[in-house]
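Notes to accompany the following structure.
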Amino acid sequence: TYRDVNFGSNEDCELLARWYNDPEIKHLYSLFPNEESFSNEFTPEYFQRVGQTPPKGGPTRNLMVLADGAPIGHATFETDTPKLVTKIPHTAWIALAIGEEQHRRRGLGLRIATHLETLARESGAERVEIGVFEYNERALSFFTRLRYKEFTRQPGRVWWDGRMWAVVRLLKTL
C-alpha cells in the first residue's frame, strides 16, 4: 500500500535520508554531477526542505511505499515537471526506490511502477518519461520489459565509480 510522505515528520525524513545514503543503492537514483556531490550526505533536514518547496508543473505525489504497514520505499509521480526532456504537455515523470534491502528483487518494482502509471493515467497524462543511469542495467531491462522505449541519451551527466555516465531517457505511451 501507499501513503503520502509526511515531510514534517522526523521519522519519514530520517527514513528517506537513510535510504538515499545507502551505499548499495545511492548511485542508482540520485543524479550526482561530480565526485564531490556524490560524497555529500542527504540529511533529514534536506528532505524537510524538499517538502516545503512547492513543485513546479502539474500534480505531484511523494509516496511512502508500505509492506504490512511498514515503510519500505519511496515513489514519486509528477506531471509536466521541468525535469522532462520531452516538454510535451500531459507527460508524467515517475521514480521509485526500494529502501529496505530485504524487499528488493521481490517483484515490488512492478507493482509500484504499475501504480505510478495508474496515477499518471488518472491525472490525464498520456505518456510517462523516466531517466535511468546507463550503468543501471537492471533498471534499463526492467523498464524495457514494461514497454518503455529509449528516446535519447544525455552523455556525461552523472558521476559514479570514478567516471561520468549518460542518463538514458525512456518514454512510454499510456
Item to check | Reported CZ-to-CG distance for the pair Phe42 and Asn21, which is rounded to 0.5 angstrom | outcome: 6.5 Å
Next on the checklist: According to a hydrophobic-cluster definition based on side-chain heavy atoms being under 4.5 Å apart (Ile, Leu, Val, Met, Phe, Trp, Tyr only), do Leu174 and Leu84 belong together?
Outcome noted: no
Checklist entry - Arg169 pairs by salt bridge (Lys or Arg N to Asp or Glu O under 4.0 Å) with which of Glu129, Glu150, Glu134? => result Glu129
Checklist entry - What closest approach, in Å, do Lys87 and Pro82 show between heavy atoms, and which atom pair accounts for it? => result NZ-O, 2.6 Å
Next on the checklist: Rounded to the nearest 0.5 Å, what separates atom CG in Leu96 from atom CG in Leu28?
Outcome noted: 11.0 Å
Checklist entry - How close do Pro59 and Thr79 get, heavy atom to heavy atom, and via which atoms? => result CD-OG1, 2.6 Å
Checklist entry - Is there a path of hydrophobic side-chain contacts, each under 4.5 Å between heavy atoms of I, L, V, M, F, W or Y residues, that connects Val50 with Leu15? => result yes
Checklist entry - Can you tell me if Asn40 and Ser37 form a side-chain donor-acceptor pair at under 3.5 Å? => result no
Item to check | Verdict with reasoning, Trp93 to Val128, per side chain to side chain contact (heavy atoms under 4.5 Å, CB included) | outcome: CA-CA 6 Å; Trp93 172 271; Val128 176; over 6 Å; no
Checklist outcome for this item: In short, Met164 meets Gly156 closest at the heavy-atom pair CE-O, 3.2 Å
Next on the checklist: Is the shortest side-chain heavy-atom distance between Ser9 and Glu14 below 4.5 Å?
Outcome noted: no
Next on the checklist: Using side chain to side chain contact (heavy atoms under 4.5 Å, CB included), reason through Val168 and Leu140 one step at a time and then give a plain yes or no.
Outcome noted: CA-CA 8 Å; Val168 180; Leu140 287 169; 3.9 Å; yes
Next on the checklist: Using every non-hydrogen atom in the two residues, find where Thr43 and Ala17 come nearest and quote the distance to one decimal.
Outcome noted: C-CB, 3.8 Å
Checklist entry - Once the angle between the rings of Phe38 and Trp159 is folded into 0 to 90°, is it parallel (under 30°), tilted (30 to 60°) or perpendicular (over 60°)? => result tilted
Next on the checklist: For a 4.5 angstrom cut-off between non-hydrogen side-chain atoms, does Glu11 reach Asn6?
Outcome noted: no
Checklist entry - Is any side-chain heavy atom of Leu171 less than 4.5 Å from a side-chain heavy atom of Tyr148? => result no
Checklist entry - Under 4.5 Å between side-chain heavy atoms, hopping through other hydrophobics if needed: is there a path connecting Leu110 to Leu119? => result yes
Checklist entry - Side chains of Thr76 and Ile94: does their closest heavy-atom pair fall under 4.5 Å? => result no
Item to check | Ionic contact status for Glu78 with Lys56, cut-off 4.0 Å | outcome: no
Next on the checklist: Within this structure, what is the CH2-CD1 distance for the pair Trp19 and Ile72, rounded to the nearest 0.5 Å?
Outcome noted: 7.5 Å
Next on the checklist: Taking ring-ring contact (aromatic ring centres under 6.0 Å, His included) as the criterion, tell me which of Tyr135, Phe32, Phe133 meets it with Trp165.
Outcome noted: Tyr135
Checklist entry - How close do Val158 and Ala166 get, heavy atom to heavy atom, and via which atoms? => result CG1-O, 4.1 Å
Checklist entry - Under 3.5 Å, side chain of Lys172 to main-chain N/O of Leu146, donor-acceptor pair present? => result yes
Checklist entry - Taking side chain as C-beta onward, heavy atoms only, is Leu116 less than 4.5 Å from Thr118? => result no
Next on the checklist: Set out, in order, the CA-CA distance, both residues' side-chain angles and the distance that settles side chain to side chain contact (heavy atoms under 4.5 Å, CB included) for Ile25 and Ile98, then state yes or no.
Outcome noted: CA-CA 9 Å; Ile25 59 174; Ile98 305 296; over 6 Å; no
Next on the checklist: Under a 3.5 Å cutoff, is there a donor and acceptor pairing between the side chains of Arg127 and Thr91?
Outcome noted: yes
Next on the checklist: side chain to side chain contact (heavy atoms under 4.5 Å, CB included) for Asp4 and Arg61? Distances and angles first, verdict last.
Outcome noted: CA-CA 7 Å; Asp4 289 321; Arg61 296 283 304 273; 2.9 Å; yes
Item to check | Straight-line distance of Phe77 CZ to Leu63 CG, nearest 0.5 Å | outcome: 9.5 Å
Checklist entry - Between the side chains of Arg145 and Ser141, does any donor sit under 3.5 Å from an acceptor? => result yes
Checklist entry - Can you tell me how far CG of Asn62 sits from OG1 of Thr60, rounded to the nearest 0.5 angstrom? => result 7.5 Å
Item to check | Asp12 side chain near Phe7 side chain, heavy-atom distance below 4.5 Å | outcome: no
Item to check | Closest heavy-atom pair and its distance - Ser39, Lys26 | outcome: C-NZ, 4.3 Å
Checklist entry - Are Arg121 and Glu126 ion-paired here, with the side-chain N under 4.0 Å from a carboxylate O? => result no
Item to check | Donor + acceptor pair across side chains of Tyr20, His74 (<3.5 Å) | outcome: yes
Checklist entry - Distance only, no hydrogens: is a donor on one side chain within 3.5 Å (strictly under) of an acceptor on the other, for His90 and Asp80? => result no
Checklist entry - Looking at side-chain heavy atoms only, is the closest gap between Gln154 and Val85 below 4.5 Å? => result yes
Checklist entry - Under 3.5 Å, is there a donor-acceptor pair linking the side chains of Gln48 and Asn10? => result yes
Next on the checklist: Just verifying a value: how many Å separate Arg163 CZ and Glu35 CD, rounded to the nearest 0.5 Å?
Outcome noted: 14.0 Å
Next on the checklist: Whether Glu100 and Arg18 form a salt bridge (side-chain N of Lys/Arg under 4.0 Å from carboxylate O of Asp/Glu) is what I want to check.
Outcome noted: yes
Next on the checklist: Does Arg3 have more than 12 heavy atoms from other residues, nucleotides or ligands lying within 6.0 Å of its CZ?
Outcome noted: yes
Item to check | Cluster overlap Tyr29 with Val5, hydrophobic side-chain contacts below 4.5 Å | outcome: yes
